[in-house]
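Notes to accompany the following structure.
A quick note: this is a predicted structure, and the numbers were derived from the prediction, not measured.
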Amino acid sequence: MESLTLGNEKKKTMDTVKIREEISEYLQHADDRVLKLIHGLIKADQIASPVGYKPDGTAITKEELISRAERSERDIREGRVKTSKQVREEIKNW
């Protein structure tokens, strides 16, 4: 398994390489049930993996990040923007 110590980075890398090799070998002979289970795990990990975090520590998924970027671009196109001067004035009232 992966080591948590910083001084053991080479061991961590070798363990990861060995795990990848073992999984690859196993998949060559796995039945459909196992392949579907592993495929489901991979898909779930890709969907649920956070790509960042909000200031309160809540995870942000890739889909949420894309949605926020698209909303921001739409706001800019439609003129819903503030100048830095306006933002500074708002900050005074926080």
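When every heavy atom of L65 is checked against every heavy atom of I60, the shortest pair comes out as N-CG2, 3.8 Å.
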Problem - Stepwise side-chain contact (heavy atoms from CB on, under 4.5 Å) check, L27 with I38 - result: CA-CA 9 Å; L27 289 176; I38 293 171; 3.4 Å; yes
Problem - Residues E21, K18; criterion salt bridge (Lys or Arg N to Asp or Glu O under 4.0 Å); working and verdict - result: CA-CA 5 Å; E21 289 172 355; K18 184 173 178 156; over 6 Å; no
Exercise for the section: Begin from the C-alpha positions of T61 and E64 and carry the test side-chain hydrogen bond (donor to acceptor under 3.5 Å, both in side chains) through to its verdict. Expected result: CA-CA 5 Å; T61 64; E64 289 173 300; 3.2 Å; yes
Return all side-chain donor-acceptor pairs below 3.5 angstrom for residues 68-76, not counting sequence neighbours, or 'none' if the list is empty.
residue, atom, partner, partner atom, Å
S72, OG, R68, O, 3.0
D75, OD1, R80, NE, 2.8
D75, OD1, R80, NH2, 2.7

What side-chain donor-acceptor pairs closer than 3.5 Å can you find for residues 29-37, not counting sequence neighbours?
residue, atom, partner, partner atom, Å
H29, NE2, E25, OE2, 3.2
D31, OD1, R33, N, 3.2
D31, OD1, V34, N, 2.9

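I19 and I42 fall within a single hydrophobic cluster, where Ile, Leu, Val, Met, Phe, Trp and Tyr side chains are chained together by heavy-atom contacts under 4.5 Å.
Using a 4.5 Å heavy-atom threshold, the side chains of Q86 and T83 count as touching.
Interatomic distance, I66 CD1 to E63 CD, rounded to the nearest 0.5 Å: 6.5 Å.
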